[in-house]
Each structure stands twice: as structure tokens, then as C-alpha cells.
*Asks:* 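Dropping the structure in here first, questions after.
Given the structure is predicted, the values throughout are model-derived calculations rather than measurements.
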Amino acid sequence: MADFELPPQYAPQDVERGLYRRWVDRGAFAPNPDPRREPYVIVIPPPNVTAVLHMGQGLNNVTQDVLIRFERMRSRAALWLPGTDHAGIATQNVVERIIATEGKSRFDLGRERFVERVWAFVRDTGNTILEQLKVIGCSCDWSRTRFTLDPEYSRAVREVFVRLWEEGLIYRGHRVIHWCSRCLTALSDEEAEAGESETGKLYYIRYPVENGPFPYLTVATTRPETMLGDTAVAVNPNDARHRAFVGKTARLPIVDIPIPIIADEAVDPLFGTGFVKVTPAHDAADFEIGVRHKLDMPLVMREGGTMGEATGNGERETGRVPKELEGLDRFQARERIVAMLRERGLLEKIEPHSYSLRRCYRCDTVVEPRLSDQWFVKMKPLAEPALRAYHEGEIRLVPERWGATYEHWLENIRDWNISRQLWWGHRIPVFTCAACGEQWADRQDPASCRRCGGTVEQDPDVLDTWFSSWLWPFATLGWPDQTPDLRRYYPGHTLVTAPEILFFWVARMIMAGYHFLGKRPFATVYLHGTVRDTQHRKMSKSLGNGIDPLDVVRLFGADALRWTAIAGISLGSDLTLDPNDLDTTFAPGRNFANKLWNIGRFVLAQLPESVQPIESIDVKTLPLADRWILSRLQATVAEATRSLEQFRLDEAAKRCFEFAWKELADWYVEAVKPRLSAAAAQAVLAYCFDTVLRLLHPVVPFITEELWQKLPGRKPDELLIVAAWPPPQLELADAQADQEFPLVQEAISSIRMLRAEYRVPPKARLRASLWPRTERARQALSGERETILRLAQLSELAFDGKRATVGAHAVLADGSEVFVALEGEIDVQRECGRLSGELARLDRQLSGLEAKLANQNFIARAPGEVVAREREKERGWRDQRQALADKLKSLGCS
RNA sequence: GGGCGAAUAGCUCAGUCGGUUCAGAGCGCCUGCCUUACACGCAGGAGGCCGGGGGUUCGAAUCCCUCUUCGCCCACCA
């Protein structure tokens with residue numbers, strides 16, 4: 001008997017913190033330095049420095065932790081590399097909001113002081129989310145924590161920029177990009193998210209036509225305010241209705257200037273009126289038309305989204321914006337222009353129109369297409385190796401279906417706008433000489449022009465935050481230096497992330513990996529689902545339907561959270577949780593932890609100081625229940641291992657749950673209770689519990705570690721986290737036990753059913769008779785007499801070879817008697833009926849299959865393997881048929 | 001407009017190659033139980049036209065077509 005007492009309920013709060021500290025203190029999270037160990041590497045999707053943990057990240061990181069703990073126990077040098085992303089726009093926005101409460105803008109502070117302010121903020125709060133990851137048990141190697149703005153990391157970013165520049169893959173593009181008028185920066189195509197379809201208005205506006213076939217034409221637009229920037233009206237060249245207008249001149253209302261009517265293929269004659277107003281500076285498609293027709297491209301909106309002649313960035317005065325609209329917000333301006341048009345009788349009609357607006361992914365402001373000069377990366381050459389890697393199977397997506405999306409994006413890839421008009425981020429290392437105009441990208445900040453010695457100026461913009469995160473798998477390991485870490489831990493193995501950032505991040509990391517190191521960054525991309533509420537809405541702060549993982553940890557423990565995230569989600573599917581009922585949502589995990597705790601409590605109370613190792617026991621001589629549970633354990637090890645290897649984490653978790661609760665606790669523990677003093681029984685019990693704790697450790701690390709350390713024979717410094725994964729080396733599978741113990745279970749269940757059905761009181765003395773139908777069953781059941789008596793709460797048990805019935809005879813407390821008999825599966829007549837029914841069905845199936853196999857068409861057309869499989873099936877059925885027939889014969893039925 | 005996914009018990013979801021390991025789990029519900037670990041528990045139970053319709057097949061939750069509903073991704077129809 002152990003000399004300690006455990007409380008009847010598991011209290012996660014009492015153990016989690018201490019255990020985590022022990023793991024850290026013992027350096028358990030660092031990869032094993034033994035060079036013979038094969039590395040296994042996961043790099044964390046770096047959360048934003050400003051982030052606080054939400055369920056989505058909980059799911060993401062717990063998944064990674066399960067994989068890393070699994071591989072660590074499998075003796076690999078497992079490295080999970082953590083870190084954070086500086087998150088350009090997001091972080092800048094947060095700090096801007098903070099200083100706004102002080103009544104200041106970033107412009108009041110100036111660039112240098114503002115950036116210093118952001119750094120101070122990051123130093124203060126930047127570790128929040130990493131600390132929270134510790135609370136949920138993540139076993140990251142914290143000694144290798146990286147930040148995308150670390151000096152070494154920044155060096156990698158700069159190196160990459162300069163290399164791309166030298167390869168001619170970076171260029172200055174003058175074109176229409178997505179512009180956020182609130183963040184005051186350009187955005188990439190991916191950062192301008194198309195949102196929900198919403199109902200807006202389509203305005204039909206008349207433009208007078210000079211000397212045309214008709215005095216005016218009508219254009220349709222959703223953004224009337226952009227008309228100030230129109231430099232043409234276009235029709236489709238094949239549009240017979242409007243052909244006569246081509247070449248004529250329209251008069252742009254309000255601005256009152258002449259604009260040409262041109263023909264361009266891009267115009268869809270079926271949309272609106274077939275006349276399109278062309279605003280090259282504020283619409284990407286119009287820009288293309290403008291280029292083709294060499295049109296002027298005046299900007300009529302300022303960077304902040306107000307109307308006005310824009311200044312700077314190559315824009316010039318055009319006199320297009322009337323005084324009364326000057327400085328007006330674009331949406332107010334829309335109303336005013338519509339009113340002005342109406343006054344002039346030029347507004348034909350307004351129709352409801354449904355479309356989807358693109359919005360800034362950071363502040364949700366409606367994005368404005370805007371002509372400007374930005375830095376772009378040519379993506380085609382980068383995309384090709386990434387595509388090839390997928391086709392050749394060097395990179396695998398799990399689940400596979402995402403491959404199509406990945407391919408489509410890469411095949412249609414567009415150049416990447418990487419400059420942001422922000423202050424927080426990696427400054428673009430492009431330098432321009434004020435004297436001679438020389439422009440180049442440099443690894444070091446030059447003091448003067450490399451050509452003429454004149455003064456140089458650095459580009460004011462910073463890089464897209466994703467331009468640093470796409471280097472994460474190798475920049476975190478010290479690249480561009482050939483560090484030992486880089487050599488050992490690159491390429492990595494598994495990337496775990498949500499499909500939302502497949503383009504933002506995953507595809508780009510693959511491109512960067514091949515381009516800069518010539519090797520894939522990882523072999524497998526595991527894409528998990530999204531966390532949603534019961535209405536299937538994505539959990540988000542703005543919707544207020546989120547669940548704070550830390551609340552869950554507080555209420556139910558980290559293991560309960562982890563259990564729910566892992567066991568509750570199958571490969572690639574979404575995780576639905578109810579934020580209004582945390583108890584229902586997380587109870588299963590908590591209950592399971594408590595169950596484990598109590599199995600542990602029981603086991604520990606029974607076991608002596610030292611237990612025989614299972615290896616020293618001749619398992620073949622053990623009682624049926626022991627052989628059965630060991631056989632089940634062996635199967636569980638095999639299945640759980642295979643499931644984890646295939647990323648079926650839920651299957652692995654559930655299989656172990658099934659073993660621990662249903663097989664070990666419900667059956668074996670109950671069955672073994674009378675023999676607990678036997679050394680062999682103790683050995684089996686200890687071995688089973690020890691092993692299932694190992695299997696469960698990746699999913700529920702805290703409780704398993706806590707219990708495992710208490711098991712007899714444990715050295716004080718032993719930790720489950722670095723213990724060996726259960727090897728399938730012992731031959732514990734026992735086909736006979738697998739067949740016979742279920743008979744015992746069946747008998748017990750039958751009797752229990754009778755008890756319940758006939759309401760036999762628990763205290764009643766009950767006598768049951770069993771009539772096993774085969775010699776083997778008779779042996780098995782006789783051997784388990786004690787178990788049956790105990791688990792079915794019987795006082796007597798009899799066997800009889802003639803009748804196949806389960807019967808029970810009860811004497812109630814008041815002396816009255818109850819006789820119960822089960823006519824179930826062991827009843828001869830019932831059994832005969834059942835078996836002959838089965839035989840008949842099998843015969844039907846068999847004849848169908850035979851017909852199929854006799855069909856020459858099938859043989860000729862079906863693939864060889866299919867035919868082989870069918871033949872195999874036929875053989876199996878024939879054997880089954882034979883066995884059935886034998887059984888029927890042995891029972892003596894016709 | 002294209003592409004992808006989902007629909008199975010009251011709820012959240014498993015169900016691989018078409019067949020006796022296919023009607024399953026957890027939660028909830030009902031009936032008994034404080035049986036020498038666990039009431040966060042034990043034992044027993046009820047509850048399903050596997051979204052609708054058609055097809056293939058000896059046989060369909062499973063394969064094909066179609067419809068309905070929901071979700072996601074992509075797309076320069078102003």
C-alpha cells in the first residue's frame with residue numbers, strides 16, 4: 001500500500017504549474033542533443049506580438065504540442081520553435097489607438113519616437129501570448145524563441161530583399177493597388193479581403209455626348225464619387241448598340257471636361273448599360289484600359305479617403321475636384337455628387353445592387369483602389385518550384401483536398417506588393433542618391449552614394465509583415481549564416497496551421513524555402529479547421545462569441561481544454577464549441593481526467609513499493625482477464641500509434657480513452673479486484689496503467705505526468721514527457737483471450753440486463769445458470785466463475801451443457817422468489833434461427849458475388865486489384881459460411 | 001460566376017475498400033444504484049426513412065446523377 005492519499009477529485013490547478021516548471025527546469029523541451037537521434041521540427045505559426053490567446057490558437061498550438069510530444073517520446077530530437085511576429089499593421093494600429101487616447105497621432109510623435117513607443121509596448125506586452133501557451137502546456141523550446149524584428153532575423157529579411165533585388169525580382173510598379181485609407185498604407189491582394197455580399201446601389205448617370213448619335217449616354221457605377229477621375233467612357237467593340245458612339249466625345253458632368261468614348265474588350269456589354277466610365281487611377285480594371293489607351297490617370301481622392309487633388313507620389317493638380325467637395329469624406333462625397341447630378345437632371349435612376357466590398361484585413365475599412373508606386377516581387381519564378389514540389393509529392397497537404405486550392409493560387413499567382421506606408425516594420429533597404437539618382441538595395445546602410453558619393457536617402461516605407469514571416473522556417477535558425485541549428489533542423493517536418501493563411505504564409509514559406517535554400521521548409525502541411533460557435537460562426541472578438549482558453553483552464557484544467565480540442569475534431573473539420581455552455585463543452589475532458597485520476601488512485605493504493613516488470617511474467621499462464629487486457633493494450637498501442645502517424649489525432653485520443661475507461665477501468669479493474677494480492681495481477685495492472693499514461697501523454701500531459709511519476713519503481717528524476725513511447729515489442733496479442741473474454745462480458749451483461757429488467761434488488765441473493773453453447777465457451781465461462789459472480793452480483797452460478805439459456809433466480813428480501821430467464825443469443829432455438837438467417841444472407845451475398853466473378857465483362861473491365869479484392873472477399877465469405885454451417889451442426893439444429 | 005466541403009440520435013460529431021466488427025460515441029434524457037478508485041461515478045434503457053428524389057448493384061449511410069439547405073475559398077462585371 002502506498003503511504004500517500006490522493007483526493008477523490010483531480011484538481012488541475014494544484015499540479016499544472018508545478019509540473020510545467022519541472023519540465024522547463026529539466027530542459028525537457030529542448031531537442032535531445034544526441035546526434036544519432038533523428039530530428040523532428042515544427043516551427044510555430046508566430047502569433048502577433050499584440051495577440052492574446054484565443055481558441056483558434058489554442059487548437060493550433062495544442063495540435064502542435066501533441067505531435068511534438070509524440071515524436072519526442074518516440075526518441076526523436078524534437079524541436080518546437082516558438083516566437084512572435086511583429087505584425088506591421090496590426091501592431092501599429094494598436095499603438096496608434098493607445099496614443100490616440102492621449103490625444104496624439106503618430107505624426108505628432110514623429111517616426112522615430114513612434115517606433116520607440118511601439119518597441120516599448122512590445123517589450124511590455126509582447127510575451128503575453130507565449131506565456132499563455134505555457135498555461136495550456138505547450139512544450140516549445142523557449143530558449144530558441146524568435147521575434148521577426150530581432151536583429152539577426154532582420155538581417156535575414158534584408159538579405160532576402162537584396163538577393164531578390166539582385167536577381168531582378170523586385171521592381172517598382174506604378175499601378176492601382178488596394179489602399180486602406182485608415183491605415184494609410186497599401187495592401188497586398190491577400191490583405192484586402194472580399195467580405196460578405198452586401199446590398200448597395202447602382203447609380204445610372206447620364207454623360208452628355210457631343211455630336212453623338214444620341215445627346216447623352218448612361219453609365220452605371222457603384223462609386224459615383226470616382227467619376228471626378230474619369231478620363232474616358234468605354235464600350236465593348238462588338239457592342240452594336242453603342243458602336244456609333246466610339247470616337248465621339250462625352251462631357252464629364254460636374255467637372256465639365258471632354259472625355260473620349262473608346263472601345264475596349266474588357267467591357268462587358270451585358271452589365272449595366274454597356275457604357276463604362278473609366279477611372280484609371282481608382283479602379284484596377286480601368287487602369288488596364290487606361291494603359292491600353294494611354295489615358296490620363298488623375299487621382300481625385302487623398303490618401304485619407306477624402307476628396308481632393310492628391311499630392312506627392314507622382315500625382316498632379318488637375319482641377320477636377322470642385323471646391324464644395326474638397327476635403328469631404330468619400331462616402332459623404334458620394335451623396336453630394338448624387339445630389340448634384342440629380343439637380344442637373346443627370347441621374348437617371350438608382351437600382352439596388354449586390355456586390356462584395358474588399359476590406360482591410362486589419363481594420364475592416366473599405367479598401368480603395370488607388371494608383372500609386374509600390375515595390376513588387378515577381379512571383380512566377382518563385383511559384384514554379386513550390387508548385388513542382390507539390391506535384392512531385394515533396395510537400396504534402398493534409399487533408400489533401402486543399403491541394404487544389406494551393407495549386408490554383410500558385411498557377412494564377414500575381415506579383416506581390418511588399419511595400420507598406422507604415423513605420424513599424426523592416427525598413428525597405430533601397431537607397432536613392434539625391435545627386436545622381438542611382439538607386440540600389442544594400443545589405444548595409446551606405447553613408448553616401450556608391451557611384452558619385454552624393455547624399456543618399458532610404459526608402460521611407462517598410463516591408464509587408466509577411467515578407468518577414470515567409471522566412472520563418474530558416475531565419476529562425478540563423479540563416480543566412482550556416483549555423484549548426486540550420487544544418488541540423490532544416491528542413492523541418494510538419495507545419496500546423498489554419499487554411500486561412502495558406503496563401504499569406506504557407507505557400508510563400510514554401511517558395512522561400514526552395515528559392516533561398518533549395519530545400520522544402522517542411523514535408524507536411526497539416527491544416528486544421530476553424531473554431532466556431534453553435535451557430536457555426538467563426539469565433540471572434542468582435543462578435544463576442546469567443547471562449548477564453550484561460551477561462552477554460554481555470555475552470556476545468558488545461559487537459560480538459562486539450563482533450564476537447566483534440567478529441568472533438570476530426571481531420572480537417574471545424575470545431576464547434578458552445579461559448580454559452582462551457583460546462584457541456586468541456587465536461588467530457590474534465591470527466592476523463594478525473595477518471596484517469598481515480599484509476600490512478602485505485603492502482604496506486606493497491607500496488608506495493610515494487611512491482612514485477614511485465615517482462616518477467618509468463619503472460620501465457622495468466623488468467624483470461626489478464627491476457628485479454630494485455631492483448632487489448634497491445635492493439636491500442638498499435639492503433640494509437642498509427643493514428644498519430646496519420647494525423648488522426650482524434651482517433652488516437654478516443655482509442656486510448658476507450659481502453660482506459662471502457663476496457664481497463666470498467667472491466668479489468670473490476671475483474672482483478674479479488675486477486676489484487678497476486679504479484680502477476682499487480683504487474684499487469686501497473687503495466688497497463690503505465691502504458692496508457694504514455695499513450696495519453698501527448699493529449700493530456702499534465703495529469704498523465706502527475707500520475708506516472710507516482711507509479712512504483714519510479715526514480716525521482718524520471719519524467720513521462722521524455723519517457724519512451726510504448727513499443728510494440730512485447731508479444732501480448734492473444735487471439736484466444738480476445739475471443740473468450742467477450743463471452744464473459746456477454747454473460748455478465750446478460751445477467752445485468754435481467755436484473756434491471758426484472759428489477760432484482762441489488763441486495764437480493766441471485767442464482768444464475770449459464771448454458772454455454774460450445775466447449776470453448778464452457779471452459780472460458782467456468783474459468784471466470786468468480787468474475788461473473790462478482791460483476792453480475794450473483795450468489796450462485798451453475799453450468800449446464802444441455803440447454804442454451806441464461807437464467808437467473810432471485811430471492812428477494814421479503815422472501816419471495818423471482819426466476820428470470822434470458823432467451824437471447826445463447827438460446828439454442830433463437831441461436832439456430834439467428835445463425836440460419838445469417839447463413840441465408842451470406843448465401844445470397846455469396847451467390848451475387850459469384851455471379852459477379854463469373855461475369856466476363858467484370859473480369860475484363862475491372863482493374864486487377866479490384867478483381868483480386870473481390871476474390872479475396874469471396875474466399876473469406878466461403879470460410880465464414882463453412883464456420884456458420886459447422887456451428888449450426890454442432891448446435892444440432894437442422 | 002467558378003471551385004471545395006458539409007447534411008447521420010434532442011445537441012456536438014465518428015463511420016476507411018459497398019456486405020456481421022454498420023446504425024456508433026460523447027453530452028443530454030429515463031430507471032435503478034453512495035457495489036472497499038471515481039455521483040466529474042456505476043449498471044441498465046429509450047431515442048435514427050443516415051437531408052429529398054432518382055439511378056448503379058444480389059446488396060447503398062457508403063458509389064453516380066439531381067434537388068434543397070448551410071459553410072468556405074477563388075474571380076477586375078464597373
*Asks:* For B:C17, is chi within 90° of 0 (syn) or not (anti)?
*Replies:* syn

*Asks:* In terms of the nearest nucleotide of RNA chain B, which residue is placed more toward the 5' end: A:T576 or A:P588?
*Replies:* A:T576

*Asks:* What interatomic distance, in whole Å, is found between P of B:A6 and the corresponding atom of B:A25?
*Replies:* 23 Å

*Asks:* Please classify the nucleic acid contact of A:E670 as base, sugar-phosphate, or nothing, using heavy-atom distances under 4.0 Å.
*Replies:* base

*Asks:* Under 6.0 Å between the ring centres of A:F504 and A:Y361?
*Replies:* yes

*Asks:* Base, sugar-phosphate alone, or nothing: which one does A:R648 contact when heavy atoms must sit under 4.0 Å apart?
*Replies:* sugar-phosphate

*Asks:* Is the phosphate of B:C38 approached by A:N591 (side-chain N or O, under 4.0 Å from OP1 or OP2)?
*Replies:* no

*Asks:* Regarding A:K654, tell me which of base, sugar-phosphate or nothing describes its non-hydrogen contacts under 4.0 Å with the strands shown.
*Replies:* nothing

*Asks:* Are OP1 or OP2 of B:G41 and a side-chain N or O of A:W597 less than 4.0 angstrom apart?
*Replies:* no

*Asks:* Kindly label the base of B:U20 as syn or anti, based on whether its glycosidic torsion lies within 90° of 0.
*Replies:* syn

*Asks:* Compare side-chain N and O positions of A:R401 against OP1 and OP2 of B:G5 and report whether any pair is under 4.0 Å apart.
*Replies:* no

*Asks:* What nucleic acid atoms does A:S573 come within less than 4.0 Å of, heavy atoms only: base, sugar-phosphate, or nothing?
*Replies:* sugar-phosphate

*Asks:* For A:W563, report the nucleic acid contact type (base, sugar-phosphate, nothing); a contact means any heavy atom under 4.0 Å.
*Replies:* nothing

*Asks:* Apply salt bridge (Lys or Arg N to Asp or Glu O under 4.0 Å) to A:E639 and A:R655, showing your working.
*Replies:* CA-CA 8 Å; A:E639 286 167 34; A:R655 185 64 190 90; 2.7 Å; yes

*Asks:* What's A:K662 touching, base or sugar-phosphate or nothing? Going by heavy atoms closer than 4.0 Å.
*Replies:* sugar-phosphate

*Asks:* Please report the distance separating the P of B:U68 from the corresponding atom of B:G24, rounded so that it comes out in whole Å.
*Replies:* 33 Å

*Asks:* Quick one: label A:D666 by what it contacts on the DNA or RNA (base, sugar-phosphate, nothing), any heavy atom closer than 4.0 Å.
*Replies:* sugar-phosphate

*Asks:* How close do A:F287 and A:R175 get, counting heavy atoms only, and between which atoms?
*Replies:* CZ-CA, 3.6 Å

*Asks:* In whole Å, measure the gap between the P atoms of B:U16 and B:U8 for me.
*Replies:* 16 Å

*Asks:* Provide the closest heavy-atom pair for A:V699 versus A:A653 in the form atom of the first, atom of the second, distance.
*Replies:* CG2-CB, 4.3 Å

*Asks:* When you compare B:A7 with B:G45, how far apart are their P atoms, in angstrom units rounded to a whole number?
*Replies:* 29 Å

*Asks:* A:T584 has a side chain; which of B:C27, B:C4, B:C42 sits nearest to it?
*Replies:* B:C27

*Asks:* Scan A:A593 against the nucleic acid and name what it touches under 4.0 Å (heavy atoms): base, sugar-phosphate only, or nothing.
*Replies:* nothing

*Asks:* Would you call the rings of A:F275 and A:H242 parallel, tilted or perpendicular, where under 30° means parallel and over 60° means perpendicular?
*Replies:* parallel

*Asks:* Do A:F586 and A:W563 have ring centres separated by under 6.0 Å?
*Replies:* no

*Asks:* Pick base, sugar-phosphate or nothing for A:V176, based on heavy-atom distances below 4.0 Å to the nucleic acid.
*Replies:* nothing

*Asks:* Can you check each nucleotide of nucleotides 68-78 of chain B against protein heavy atoms at under 4.0 Å and return B for base, S for sugar-phosphate only, - for none, in 5' to 3' order?
*Replies:* ----SSSSBBB

